[in-house]
Amino acid sequence: MDDHYRNNPNSYQDPQGGSNTYSTFREGGDQGNQDGYYGSNEYPAQDEDAASDATEGHDDDDEIYEGEYQGIPHPEDIRASKKALRAQANYEEQGDRLAERMQDEEQLAHQYEAIIEECGHGRFQWTLFFVAGLALMADGVECFVVGFVMPSAEKDMCMSNANKGMLGLIVYLGMMLGAFMWGGLADKMGRRKCLIIALAINSVFAFISSFVQGYGFFLFFRLISGFGIGGSIPIVYSYFSEFLCREKRGEHLSWLCMFWMIGGIYASSMAWGIIPYYGWGSSMGTSYQFHSWRVFVLVCTLPSISSLIGLIFMPESPRFLLENGKHDEAWMILKQVHDTNMRAKGEPEKVFTVSQIKTLKQEDEFIEIQSSTGTWHQRWLVRIMTVVKQVCQNILSLFSPQFRMNTLFMAVVWFTMAFSYYGLAVWFPDMIKHLQNEEYESKVKVFYRERVEHFTFNFTLENQIHQEGEYFNDKFYKIDLKSVTFEDSLFEECYFEDIRSTDTVFKNCTIVSTVFYNTDLYKHKFIKCKFENSTFLQQKEGCHLDFNEENDILIYLVSFLGSLAVLPGNIISALFMDKIGRIKMIGGSMLISSVCTFFLFFGSSESAIIGWQCLFCGTSVAAWNGIEVITVELYPMSKRATAFGVLNGLCKFAAILGSFIFASFVGITKVMPILLASTALVAGGLLALRLPETREQVLM
């Protein structure tokens, strides 16, 4: 508004454009004619006829504000007018402050880019590259751990199919929540600090989970472990990108993506080398077991612990410090980066020429005043509530007019990519298992009306169906029964001792004068059977559920090959990310991946499915790399980690949804998974082409 009006309390602006001045304010009324009523001789007197005309036709009994007859404004209208003017003035002031801050941020971004270029790219960035890469590697390992230990852990913890499904879900749920929280906190508390806390939580709870015995405790510790590692991807990319100049950013962020692939290779190779030796470990009686799969869980904490140790020696992001008014600390870190790189290049005498760096005006000074008063718990409560409020406001700001379209487009691209990738990642091994089961069932042996007397079975019976058989005085001694079915059979005076069974049932059988000693043939394995004078003695203790083979080596092989197939795509995307641009990389990779999914129609064997899986993983990784690079570059420093956290959390939600939907079609049809994956990839790829290209812009 006009400064003259704000500075002069005795002036007002007429709605029609005119202005008047009065000496003393007394009382106000309706704004229809005058904006103020003042006791002064300067106020023009009304004509008598005009006054009588104004009151003509009104009864004396009407209760109407008397000033209305004289055209005098009402006091409430005066107050409403002043409130509206103050609101408009505040709005304009906020707009001016926002425009000024955006201008300052742009100036800081260009100055910071020049400083990073002066610091060079050398030993410091490569050291940080490996430290941050280990954190990404830990995230990759976390995605594979539960799937690898499930076949062995289900025996120790007696997990049903529902329990196994919940365990697979809970890890991604923890990672989803962690991505939302740590991404938001990293923009307010600092990248390095939040990454250290997140990795510490992951390391501690993953380590403890290898020792707990009960399913409930194991589920809880894996949830918290996933919550911790969920912050690695949003923070690592934001943190590392702020030490890179524009010319190096796309390439080196793409190289950083390789550590997720290395995590998959590490997890599958360690599982392959450790878990098959199921008996390797130690036991304390029957209540505490420490088998080889627990050793594998311990080994999988090493990347997170290694990254945590390395981060202790790494500095905070200087860009974050500058945004938060810590000029001197940021300057010292930038000088450290410069001197480290110059010494490694053999130029230790080269001087860091930067003396002044622009810092942004801070708007949160009152928070420190509030948080420095009261008791210690009140101060902490103020700080916590302030940070939570800031994080929520930051998340909401992603949908402001300035960022709304980019956020919505990126959300769709992240979702469609994760839905297809993680859905097929579950579908591939499940489909291979289904083909194995079909082949296994096709080789079943059927014995019809066999009669066996005085015979000792001391060898494994597997994949057999015995119908209407008769067994007299036979002995089943120390054998395994695997997928064996006895139907309408008679057992008379038989003896079963030390029997271990899997997927074995007795249907409509008659069992007479038979003894079962130290077996796991529990009552639920006898369906509509008739017992006469039969006895069960000292049945085996432990879980009463049936399990598959102890270790499926093919699971580790498929995961290992799928992770290794990503290597060529990673190399190509890193070399060409800055040459062809992020948008073409994402759109092209997603469209090519959608074409690759159609080849799955021809995957009728295990080897064919493994081959198409490797092709899909190799072509889709370029899209992942481009998505992660452009997410870093689309948002300013104050919102970068928050946006990455929100989008990565959405990615984990899409992974949960895709895994559930794709797994439900295994054994029913492969048309729907292929159509869903290809449609999602095409939609995401075409939408990605509408995103702005960011390879030429400085990091805001």
Side-chain angles (χ1 to χ4, degrees), residues 139 172-173 175-187 230-238 241 253 257 260 391-425 581-591 593-594 620-662 676-694 700:
D139 183 272
Y172 280 98
L173 181 62
M175 296 173 77
M176 180 181 72
L177 297 176
F180 275 109
M181 175 177 164
W182 296 116
L185 290 178
D187 280 334
S232 64
I233 289 182
I235 300 176
V236 161
Y237 284 101
S238 302
S241 67
L253 286 176
C257 297
W260 201 94
V391 170
C392 293
Q393 289 175 343
N394 222 16
I395 292 175
L396 293 176
S397 69
L398 299 178
F399 299 94
S400 63
Q402 182 182 359
F403 303 107
R404 182 183 300 136
M405 294 308 299
N406 287 342
T407 300
L408 293 178
F409 281 9
M410 287 301 301
V412 174
V413 173
W414 271 92
F415 185 90
T416 54
M417 188 67 205
F419 179 80
S420 304
Y421 182 86
Y422 287 101
L424 289 176
R582 289 78 162 117
I583 303 306
K584 294 179 181 178
M585 183 70 70
I586 299 170
S589 176
M590 293 183 74
L591 294 175
S593 299
S594 68
S620 62
V621 68
W624 278 121
N625 294 356
I627 288 171
E628 285 153 352
V629 172
I630 198 173
T631 303
V632 166
E633 297 173 336
L634 274 178
Y635 297 92
M637 199 292 311
S638 60
K639 297 174 177 58
R640 184 171 298 125
T642 301
F644 216 125
V646 170
L647 294 172
N648 192 249
L650 181 65
C651 166
K652 295 302 186 290
F653 173 74
I656 295 171
L657 189 64
S659 301
F660 175 78
I661 293 176
F662 280 59
L676 285 173
S678 59
T679 303
L681 288 169
V682 169
L686 293 177
L687 193 62
L689 296 175
R690 300 192 62 183
L691 288 167
E693 182 57 67
T694 57
M700 292 298 294

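- For the atom pair CD1 of I233 and SG of C651, the computed distance is 7.0 Å after rounding to the nearest 0.5 Å.
- By the ring-ring contact (aromatic ring centres under 6.0 Å, His included) test, F662 pairs with F419, sequence neighbours left out.
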Could you walk me through whether S420 and M590 pass the side-chain contact (heavy atoms from CB on, under 4.5 Å) check?
CA-CA 10 Å; S420 304; M590 293 183 74; over 6 Å; no

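- The distance from the CH2 atom of W260 to the CD atom of E628 is 9.5 Å, given to the nearest 0.5 Å.
- When side chains are defined from C-beta on, R404 does not count as touching L398, because their heavy atoms never get closer than 4.5 Å.
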Residues L657, F415; criterion side-chain contact (heavy atoms from CB on, under 4.5 Å); working and verdict
CA-CA 10 Å; L657 189 64; F415 185 90; 3.9 Å; yes

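- Between L634 and T694, the closest side-chain pair of non-hydrogen atoms falls below 4.5 Å.
- Under the ring-ring contact (aromatic ring centres under 6.0 Å, His included) criterion, Y422 pairs with Y172, sequence neighbours left out.
- Across every non-hydrogen atom of A654 and A418, the tightest pair is CB-CB, 3.8 Å.
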Evaluate the criterion side-chain contact (heavy atoms from CB on, under 4.5 Å) for residue pair L408 and F399; output intermediate values, then yes/no.
CA-CA 8 Å; L408 293 178; F399 299 94; 4.2 Å; yes

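- Side-chain contact annotation: S638 with D187, donor-acceptor N/O pair under 3.5 Å absent.
- Between G183 and P234 the shortest heavy-atom distance is CA-CB, 4.3 Å.
- Taking both residues in full, the closest heavy atoms of N625 and C257 are given as OD1-CB, 3.0 Å, listed atom of the first, atom of the second, then distance.
- In this structure, OG on S232 lies 6.5 Å from CE on M175, to the nearest 0.5 angstrom.
- When all heavy atoms of S241 and V632 are compared, the pair lying nearest together is OG-CG1, 3.3 Å.
- The side chain to side chain donor-acceptor pair (under 3.5 Å) check on T407 picks up Y635, with sequence neighbours excluded.
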Got a list of side-chain donor-acceptor pairs under 3.5 Å for residues 680-693, not counting sequence neighbours?
residue : atom : partner : partner atom : Å
E693    : OE1  : R582    : N            : 3.2
E693    : OE1  : I583    : N            : 3.3
E693    : OE2  : R582    : N            : 3.2
E693    : OE2  : R695    : N            : 3.3

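- Using a distance-only test at 3.5 Å, with no hydrogens or angles considered, a donor-acceptor pair links the side chain of T416 to the main chain of V413.
- Among pairs with a residue in residues 635-656, those fulfilling salt bridge (Lys or Arg N to Asp or Glu O under 4.0 Å) read E242-R640, at least two apart in sequence or across chains.
- With sequence neighbours excluded, no residue satisfies side chain to side chain donor-acceptor pair (under 3.5 Å) with W624.
- Separating the CD1 atom in I627 from the CD1 atom in I586 is a distance of 5.5 Å, to the nearest 0.5 Å.
- Interatomic distance, CG of D139 versus CG of N648, reported as 7.0 Å (0.5 Å rounding).
- Of the candidates F409, F653, Y421, F644, F644 is the only one forming a ring-ring contact (aromatic ring centres under 6.0 Å, His included) with W414.
- Note that the OG atom of S678 and the CG atom of L591 stand 11.5 Å from one another [nearest 0.5 Å].
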